[in-house]
Amino acid sequence: ESGTHQRDVGNYPTRGVGGLNGLLATLGLTAGAAQLISNNSNVADQLSDLQRIMGLTADESDHLYDSLKKLDTRTSVSGLLNIANIAAKAGVAKEDIVGVTQAIDKLSVVLGKELGDADQITTSLVKIANIFSKDGKVTGDSLTAIGNGILTLANAGIASGPFIVDYTQRLAGLAKTANITLPAAL
């Protein structure tokens with residue numbers, strides 16, 4: 001029996017470190033679970049806001065959430081819901097919200113350094129599309145065309161993206177009265 005005790009000599013620090021690793025792993029799992037719960041509640045709040053703003057039923061809200069989850073992007077669902085909420089507040093129709101969200105997500109990658117974060121891009125481009133749209137609809141295709149136009153002009157000349165957006169928004173006040181179209185404004 002004394003041989004058993006002699007074999008364990010020197011293994012005490014290893015046991016202590018193993019216990020510490022177990023404690024740290026448990027703390028890490030607890031922190032991860034808390035973060036997951038926080039993220040889920042944030043997503044639920046954003047989805048609830050979107051449902052309220054757009055007047056969606058619970059089924060429509062679930063369908064919208066599923067559609068956003070299926071988008072091929074590195075942006076989190078929470079980030080996509082944030083874009084959708086801003087677009088919805090700006091008047092994007094519920095049948096166009098997924099396409100608009102997808103377009104803004106892609107444009108934020110391309111125009112992010114030029115126009116700022118997804119919030120700024122959403123606000124700016126949706127305003128421009130709302131004003132210059134003939135039928136009052138804002139779609140993903142119209143936002144992509146506007147974003148491409150701004151990028152092309154910014155790359156071709158000395159005017160920066162923010163200047164072009166600001167100029168276009170200021171000109172928008174006269175657009176209906178003076179029959180100014182978006183291509184003419186840009």
Side-chain angles (χ1 to χ4, degrees), residues 29-151 161-162 164-176 182 185:
L29 287 174
T30 304
Q35 182 65 34
L36 181 66
I37 291 169
S38 174
N39 287 345
N40 284 342
S41 67
N42 186 28
V43 166
D45 290 347
Q46 288 178 312
L47 195 57
S48 172
D49 287 345
L50 194 57
Q51 186 175 359
R52 178 185 48 80
I53 293 166
M54 299 192 79
L56 301 174
T57 65
D59 288 341
E60 289 173 325
S61 176
D62 291 341
H63 178 70
L64 174 63
Y65 177 74
D66 290 339
S67 296
L68 292 176
K69 279 192 340 186
K70 291 178 185 174
L71 292 180
D72 184 20
T73 179
R74 290 182 288 176
T75 305
S76 67
V77 175
S78 178
L80 294 173
L81 284 169
N82 186 47
I83 293 170
N85 269 308
I86 294 168
K89 288 176 187 173
V92 174
K94 62 183 168 184
E95 61 269 6
D96 296 320
I97 199 73
V98 173
V100 165
T101 302
Q102 184 176 24
I104 292 293
D105 180 52
K106 288 178 181 178
L107 288 169
S108 67
V109 173
V110 176
L111 297 173
K113 291 182 180 175
E114 192 71 32
L115 295 180
D117 62 11
D119 296 359
Q120 293 168 318
I121 293 170
T122 305
T123 304
S124 299
L125 297 186
V126 169
K127 280 181 185 177
I128 292 170
N130 265 329
I131 293 167
F132 285 100
S133 171
K134 291 180 182 174
D135 60 1
K137 283 187 77 155
V138 177
T139 64
D141 290 340
S142 66
L143 292 178
T144 300
I146 293 168
N148 288 338
I150 291 169
L151 185 63
I164 295 167
V165 167
D166 182 56
Y167 172 78
T168 305
Q169 287 177 335
R170 290 175 188 267
L171 193 60
L174 299 171
K176 299 284 185 202
L182 184 58

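Numbers here simply count residues along the sequence, with the first being 1.
The backbone N or O of Ala44 sits nowhere less than 3.5 Å from a side-chain atom of Ser48 that would complete a donor-acceptor pair. Ser67 contributes a side-chain N or O that, together with a main-chain N or O of His63, makes up a donor-acceptor pair within less than 3.5 Å. Looking at Ser61, its side chain never comes within 3.5 Å of a backbone N or O of Thr57 through a donor-acceptor pair. For Asn85 (side chain) and Gln46 (main-chain N/O), a donor-acceptor pair under 3.5 Å exists by modelled atom type. With Asn148 contributing its side chain and Thr144 its backbone, the two residues share a donor-acceptor pair below 3.5 Å. At least one donor-acceptor pair under 3.5 Å links the side chain of Asn130 to the backbone N or O of Ala90.
Atom NZ of Lys106 has 12 or fewer heavy atoms from other residues, nucleotides or ligands within 6.0 Å. Within a 6.0 Å sphere centred on CG of Asp72, heavy atoms belonging to other residues, nucleotides or ligands number 12 at most.
Under the 4.5 Å side-chain criterion, counting only non-hydrogen atoms from C-beta, Lys89 is not in contact with Met54. Counting heavy atoms from C-beta on, the side chains of Leu115 and Ser124 never come closer than 4.5 Å. The side-chain heavy atoms of Leu107 and Leu125, taken from C-beta on, include a pair separated by under 4.5 Å.
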Task: Check against side chain to side chain contact (heavy atoms under 4.5 Å, CB included), Val126 and Leu143 - done: CA-CA 7 Å; Val126 169; Leu143 292 178; 4.1 Å; yes
TODO: Go through the steps for Phe132 and Ile146 under the test side chain to side chain contact (heavy atoms under 4.5 Å, CB included), then give the verdict.
DONE: CA-CA 10 Å; Phe132 285 100; Ile146 293 168; over 6 Å; no
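Listed by chain and residue number, Thr73, Asp105 satisfy the side-chain hydrogen bond (donor to acceptor under 3.5 Å, both in side chains) test with Thr75 (two or more places apart in sequence, or in another chain). Legend: residues meeting side-chain hydrogen bond (donor to acceptor under 3.5 Å, both in side chains) with Asp166, ordered by chain and number and at least two apart, are Arg170.
Note that the CD1 atom of Ile97 and the CD1 atom of Ile83 stand 10.0 Å from one another [nearest 0.5 Å]. Rounding to the nearest 0.5 angstrom, the gap separating the OG1 atom in Thr123 from the CD1 atom in Ile86 is 5.0 Å.
No option in Thr101, Leu68, Asn42, Asp49 other than Leu68 meets the side-chain contact (heavy atoms from CB on, under 4.5 Å) test with Leu81.
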